[in-house]
Engineer: 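One structure follows; several queries about it will come next.
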Amino acid sequence: RDGFASKAEFVVPNDATMGLDGSIYVAEPNQFRIRKISPDMSVTTLAGCKWSPGLRDGPGSQALFCVPYGISMASDGNLYVTDSYNQRIRAVAPDGEVTTVAGTGEAGLQDGAALKATLNCPSHIDA
């Protein structure tokens, strides 16, 4: 549940990173979403849909993940997320827009251009 920090609920949060503005971003793999704790202590869902696993790029409220496990903030303000069961790395822009930046969706260990490389259940990331 979103809301003020004392009322918000998380279900098995896995990884967190600090944003450039002091916000904390949390990967919540079992709920298939990325949450944001703002400096004012309000908790919102930035991207993904609770109880809706899948694969869809787009605005945060429409984007889908399947076990977003690791999360890291990059100096450009984008979050990078390991979308473990989709075998992909996803970027989440500050406005919540989600794009796939690496992985074909097939499990494997094939090097190559980012969107042609295969990943095997990526779990941790450092941007």
Side-chain angles (χ1 to χ4, degrees):
R1 174 171 52 183
D2 289 345
F4 193 72
S6 62
K7 302 282 186 190
E9 295 177 351
F10 289 86
V11 177
V12 193
N14 182 68
D15 198 8
T17 190
M18 181 73 73
L20 302 176
D21 67 351
S23 294
I24 299 170
Y25 296 89
V26 180
E28 197 174 20
N30 293 343
Q31 299 295 304
F32 313 107
R33 60 189 176 170
I34 304 302
R35 312 283 294 285
K36 177 181 179 181
I37 306 170
S38 297
D40 69 0
M41 300 305 288
S42 61
V43 178
T44 57
T45 298
L46 179 63
C49 298
K50 183 177 178 181
W51 300 319
S52 295
L55 175 66
R56 184 185 310 138
D57 287 344
S61 63
Q62 297 173 20
L64 297 176
F65 294 89
C66 193
V67 187
Y69 199 80
I71 189 169
S72 183
M73 174 62 69
S75 61
D76 64 5
N78 286 323
L79 291 166
Y80 289 89
V81 178
T82 59
D83 194 0
S84 297
Y85 286 14
N86 279 325
Q87 318 297 345
R88 298 172 194 260
I89 305 296
R90 317 280 293 284
V92 183
D95 66 358
E97 185 77 18
V98 176
T99 56
T100 298
V101 296
T104 64
E106 283 186 46
L109 298 172
Q110 181 63 48
D111 291 341
L115 291 172
K116 295 187 183 222
T118 58
L119 306 171
N120 191 6
C121 208
S123 59
H124 298 285
I125 191 164
D126 188 14

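Values below: every heavy atom of this structure, side chains too, minus hydrogens, waters and symmetry copies.
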Engineer: Show the nearest heavy-atom pair for residues Gly3 and Ala8, with the distance to one decimal.
Structural biologist: O-CB, 4.0 Å

Engineer: Hey, what do you get for CD1 (Ile37) to CG (Asp2), rounding to the nearest 0.5 Å?
Structural biologist: 10.5 Å

Engineer: For atom CG of Asp40, decide whether the heavy atoms of other residues, nucleotides or ligands shown that lie under 6.0 angstrom number more than 12.
Structural biologist: yes

Engineer: If you measure from CD on Glu97 to CD on Gln62, what distance do you get to the nearest 0.5 Å?
Structural biologist: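 Answer rounded to 0.5 Å: 9.0 Å.
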
Engineer: Say you draw a straight line from OG1 of Thr100 to CG of Asn86; how long is it, rounded to the nearest 0.5 Å?
Structural biologist: 8.0 Å

Engineer: Listing request: all ring pair (Phe, Tyr, Trp, His ring centres under 6.0 Å) pairs with a residue in residues 82-127, at least two apart in sequence or in separate chains.
Structural biologist: Tyr69-His124

Engineer: What I'd like to find out is whether the side chain of Val67 reaches to under 4.5 Å of the side chain of Phe32, using heavy atoms alone.
Structural biologist: yes

Engineer: Ignoring hydrogens and geometry, is there a side-chain-to-backbone donor-acceptor pair from Asp83 to Cys66 under 3.5 Å?
Structural biologist: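 Present.
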
Engineer: Report the C-alpha separation of Ile71 and Tyr80 in whole Å, then their side-chain angles, then the decisive distance to 0.1 Å, and conclude whether the side-chain contact (heavy atoms from CB on, under 4.5 Å) test is met.
Structural biologist: CA-CA 6 Å; Ile71 189 169; Tyr80 289 89; over 6 Å; no

Engineer: Counting only N and O atoms by type, is there a donor-acceptor contact under 3.5 Å from the side chain of Gln87 to the main-chain atoms of Cys121?
Structural biologist: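 Judged by distance alone, yes, a pair lies under 3.5 Å.
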
Engineer: Quick one: closest heavy-atom pair of Gly58 and Ala63, and the distance?
Structural biologist: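 Here Gly58 and Ala63 meet closest at O-CB, 4.0 Å.
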
Engineer: Tell me if a side-chain donor or acceptor on Thr17 pairs with a main-chain N or O of Met73 at a distance below 3.5 Å.
Structural biologist: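 Indeed, once roles are kept as given, a pair shorter than 3.5 Å links the two residues.
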
Engineer: Taking the side chain as C-beta and beyond, is there a heavy-atom pair between Arg88 and Leu55 under 4.5 Å?
Structural biologist: yes

Engineer: Hydrophobic clusters here meaning ILVMFWY residues chained together by side-chain heavy-atom distances under 4.5 Å, can you tell me if Met41 and Ile34 are in one?
Structural biologist: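 No, Met41 does not connect to Ile34 through the hydrophobic network.
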
Engineer: I'd like to know if the side chain of Arg33 and the backbone of Ala27 have a donor-acceptor N/O pair within less than 3.5 Å.
Structural biologist: no

Engineer: So Ile24 and Met18, side-chain contact (heavy atoms from CB on, under 4.5 Å) or not? Walk me through it.
Structural biologist: CA-CA 5 Å; Ile24 299 170; Met18 181 73 73; 4.1 Å; yes

Engineer: Which atom pair, heavy atoms only, marks the closest approach of Ala127 to Ala74?
Structural biologist: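 Smallest heavy-atom distance, with atoms named: CB-CB, 3.7 Å.
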
Engineer: Do you know the tightest heavy-atom contact between Gln31 and Trp51?
Structural biologist: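 In this case the closest contact between Gln31 and Trp51 is OE1-NE1, 3.2 Å.
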
Engineer: Mind listing the closest non-hydrogen atom pair of Ala117 and Asp111 along with its distance?
Structural biologist: CB-C, 4.3 Å

Engineer: So do the side chains of Leu79 and Leu46 get within less than 4.5 Å of each other, counting heavy atoms only?
Structural biologist: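 Yes, their side chains come closer than 4.5 Å.
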
Engineer: Quick one: closest heavy-atom pair of Pro39 and Gly22, and the distance?
Structural biologist: CG-C, 4.1 Å

Engineer: Who pairs with Ser23 by side chain to side chain donor-acceptor pair (under 3.5 Å), at least two apart in sequence or on another chain?
Structural biologist: Asp21

Engineer: Quick one: pull up CG in Leu20 and CG in Asn78 and give me the separation to the nearest 0.5 Å.
Structural biologist: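 If I round to the nearest 0.5 Å, the distance is 9.5 Å.
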
Engineer: To the closest 0.5 Å, what do you measure between CZ (Phe65) and OG (Ser52)?
Structural biologist: 12.5 Å

Engineer: Check whether any side-chain N or O of Ser84 sits under 3.5 Å from a backbone N or O of Pro122 as a donor-acceptor pair, and report yes or no.
Structural biologist: yes

Engineer: Count the heavy atoms of every other residue, nucleotide or ligand shown that sit under 6.0 Å from NZ of Lys50, and state whether that count exceeds 12.
Structural biologist: yes

Engineer: Treating Asn14 as the side-chain partner and Gly70 as the backbone partner, does any N or O pair qualify as donor plus acceptor under 3.5 Å?
Structural biologist: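 Not confirmed, Asn14 side chain does not pair with Gly70 backbone.
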
Engineer: Checking the side chain of Arg35 only, and the main-chain atoms of Glu9 only, is there a donor and an acceptor separated by less than 3.5 Å?
Structural biologist: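 Checked: pair present.
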
Engineer: Going only through I, L, V, M, F, W and Y residues with side-chain contacts under 4.5 Å, is there a path from Val26 to Val11?
Structural biologist: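 Val26 and Val11: separate clusters.
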
Engineer: Under 3.5 Å, is there a donor-acceptor pair between the side chain of Arg90 and the main chain of Val98?
Structural biologist: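 Absent.
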
Engineer: Quick one: does any side-chain atom of Thr118 pair with a main-chain N or O of Leu109 as donor and acceptor, under 3.5 Å?
Structural biologist: yes

Engineer: Evaluate the side-chain proximity of Leu64 to Pro53: yes if any heavy-atom separation is below 4.5 Å, no if none is.
Structural biologist: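 The answer is no; the side chains never approach within 4.5 Å.
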
Engineer: With a 4.5 Å cut-off on side-chain heavy-atom distances among I, L, V, M, F, W and Y, is there a chain of contacts connecting Val12 to Tyr25?
Structural biologist: no

